[in-house]
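One structure is given below, encoded as C-alpha cells.
Both ligands and their constituent atoms are indexed starting at 1 by order of listing. Values in this document were obtained by computation on a predicted structure and should not be read as measured data. FYI, the numbering just counts along the sequence from 1.
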Amino acid sequence: MGAQRIAIFDTTLRDGEQSPGCSMNVEEKLQMARQLEALQVDVIEAGFPVASEADFAAVQAIARECRGPVIAALCRTIPRDIERAWEALKEAEHPRIHTFLATSDIHLTYKLQKTREEALQMIREGVALAKSFTPDVEFSAEDATRSDWDFLVEVCKVALEAGATVLNIPDTVGYTVPDEYGRLITHLRQHVPGIDQATISVHCHNDLGLAAANSLAAVAAGARQVECTINGIGERAGNAALEEVVMALAVRRDALPYETGVRRELLYRASQTLANITGSEVQPNKAIVGRNAFAHESGIHQHGMLSHHSTYEIMTPESVGVRRSSLVLGKHSGRHALAKRFEELGYKLDRVELDKAYKLFTKLSDQKKEIFDEDLLAIVQDGLTHLPEVFKLRALQATAGTAMFATALVTLATEAGEATETAMGDGPVNAVFAAVDKLTGLSGRLLDYRLHSVSRGADAVGEVFVQVDFEGQPYGGKGASTDVVEASLRAYLNAVNKALFARRAKKSQAVEAGV
Ligand code: KIV
Ligand code: ZN
C-alpha cells in the first residue's frame, strides 16, 4: 500500500500575516500566493475578507489569479462575515469557506458570552449558510485543545450534519503536547459518527515550541490536513512551520508513512521570498531554511562531512533548494546569464523587467565585486515593484559625525520636476527622512526601522524595512543599497509612494461611487 496523502493547508497569508511586522499589501500577498502556487500546496488561506477592504481585495485577487490549490477565506459564523468571504472567493477555481467559532468554556464565557447551546446553534447556522454558497466548507473549533472533549464531539457532529467537509481541531494557544493531541484526534474519530467522511485538519501554534511535533502526532492519529505557515510565522510564537512538517514527512518516511504534494526543492525560495516581502528575517538556526541549517562549524563535523555528507546531514541542502554556494554572478556577467539565474530562482522576467533588472544589476556590480542569490532576490523585490513612483530619488548627500548635527540634502524627481531640500537631524537617517517630509509635504511618524545585510562581506547590500504612519495609517517600505543611508531613504520613499497610491486609489473609488 502506498503512503497516505496529507493535504498541506498554508495560512501564511492569513494567520501568518497576523504576526507583528508581517503585514503585507495586496501586491505582496499576490506575489507570495504565486510562490505558494508554485510550491503546490493543497490549500492557500488567502485572508479574512471581513477584516478590512485590503484583506478583501487580496483574497479576491488571489481567487481570480491562482489556479491549482483550493483558495480558502476565513470568517466567523456570522452571516455578514460568511457573505463577505463568499463575495471575495466566488471567482476561485476551487473556493473554500473556512468558518470558525471558539468552543472552550474559557472563550465562550469571557470572549463570546455564549452558552454551549448557543454556540452549537451558531455553528449549525453558520456552516449551513456557507454550504449554500459552496460545497467545500471547513469548520474550525477555535481553542479545541482546551475544550471539553465531550462537547467537542457534539460540535463536530453539528458541523458535519450542517455540511462541513473539513473539521479543524486547532491548538489555538499552543497548549497541547503530542501524546494528548493524538489522543484527542483518536477520541473524535471514535465518537463522532461519520467523521471519516470529512477531512480532519490540525492547526497548531508554537507557544511551547511543539507545533510541528503536535501536528505530526495528529497525523499519526488520523488527521489528513495540516495547517501551517512558511517560516512558521503567525500569532505570538507562530504556527507550525510548513517546511518542518513537509521535510519531517519526507525525511522520516520510514517512521511516518505519509506524503505531501509539496515541491520540496522550492521551500528555500518560498522562505526567502516571504522574508524579503515582510522584512522579518529568518532566525539563523531555523530548521530547514535558516542560514545555519546546513553549516558545519566544528572541526570534527567538517572532517565527517568531508568523508561523507551523511555523517552530519540528514537531508541535502539541494533537496530544499539551498545551493551549496550562492555566489552567482560578477561584473562581467551578461543579460543572458542574469535572465537564466533569475529563472532558476523562479522569476521569469519579461523584456521590460529584464532591462530594469539588468540596469540595477550593473549598478550593483559597480558597487560590489560578487553578486549572490540574495542580492538578486533583493533586486526583484525592491527594484521591480509595479507601484507607481510619484517621488523618485535623484540625489542624496548626508553627513554625520560625533561632534556635529547630521545633515542631509535630498533631490527627488516629482511630477512637477526636480526639487531639493536640506534638513538636520539626530543622525543621517533622521535628517534624510526630515528632508523627504519637506519635499513631499507628508509628515511621517516612524513606527519601525530594521536594517540587515542580505549577503556577505563588507560591501554587502544593506536592506532596510520601515513602517511609517502617514495620516493615521501604517505603510511598510523597503529599500536596498550598499549604502545604508541610501537604503533607508529608498525604504522611506517606498512607504511614501504607497501612501500616495492608497490615497489616490481611495479618491478614485469615491469618485466612481459618486461620493
Ligand atoms: O488558531 C486558531 O484557532 C485559528 C483559527 C481561526 C483556525 O487561527
Ligand atoms: Zn491560528
Tell me which one of Arg253, Arg252, Arg224 satisfies salt bridge (Lys or Arg N to Asp or Glu O under 4.0 Å) with Glu259. Arg253
If only side-chain N and O atoms count, and only distance matters, is there a donor-acceptor pair under 3.5 Å linking [Y] with [X]?
| X | Y | result |
| --- | --- | --- |
| Thr145 | Thr176 | no |
| Thr172 | Asp143 | no |
| His98 | Ser140 | yes |
| Asp136 | Thr134 | no |

The Zn ion (ligand 2) to Glu227: any N/O/S contact under 2.8 Å? no
Can you sort out which atoms of ligand 1 are near [X], meaning under 4.0 Å from one of its heavy atoms?
| X | result |
| --- | --- |
| Pro170 | 3 (O) |
| Asp15 | 8 (O) |
| Ser140 | 7 (C) |
| His205 | 1 (O) |
| Glu142 | 3 (O) |

Would you compute the distance between atom CG of Leu184 and atom CG of Leu152 and round it to the nearest 0.5 angstrom? 6.0 Å
Restricting to N, O or S atoms of His203, which is nearest to the Zn ion (ligand 2)? NE2
At the Zn ion (ligand 2), OD2 of Asp15 and NE2 of His205 open up to roughly (10° bins) 100°
What about Asn168: any of its N or O atoms under 3.5 Å from an N or O on ligand 1? no
Using the ring of each side chain (for Trp, its six-membered ring), is Phe100 parallel, tilted or perpendicular to Phe48, with breaks at 30° and 60°? perpendicular
Looking only at non-hydrogen atoms, which of Asp171, Asn239, Thr172 approaches atom 3 (O) of ligand 1 most closely? Thr172
Heavy atom to atom 8 (O) of ligand 1, shortest distance: which of Arg236, Glu235, Arg14 holds it? Arg14
Are there more than 12 heavy atoms of other residues, nucleotides or ligands under 6.0 Å from atom OH of Tyr175? no
Which protein heavy atom lies closest to atom 4 (C) of ligand 1, and at what distance to 0.1 Å? His203 NE2, 3.5 Å
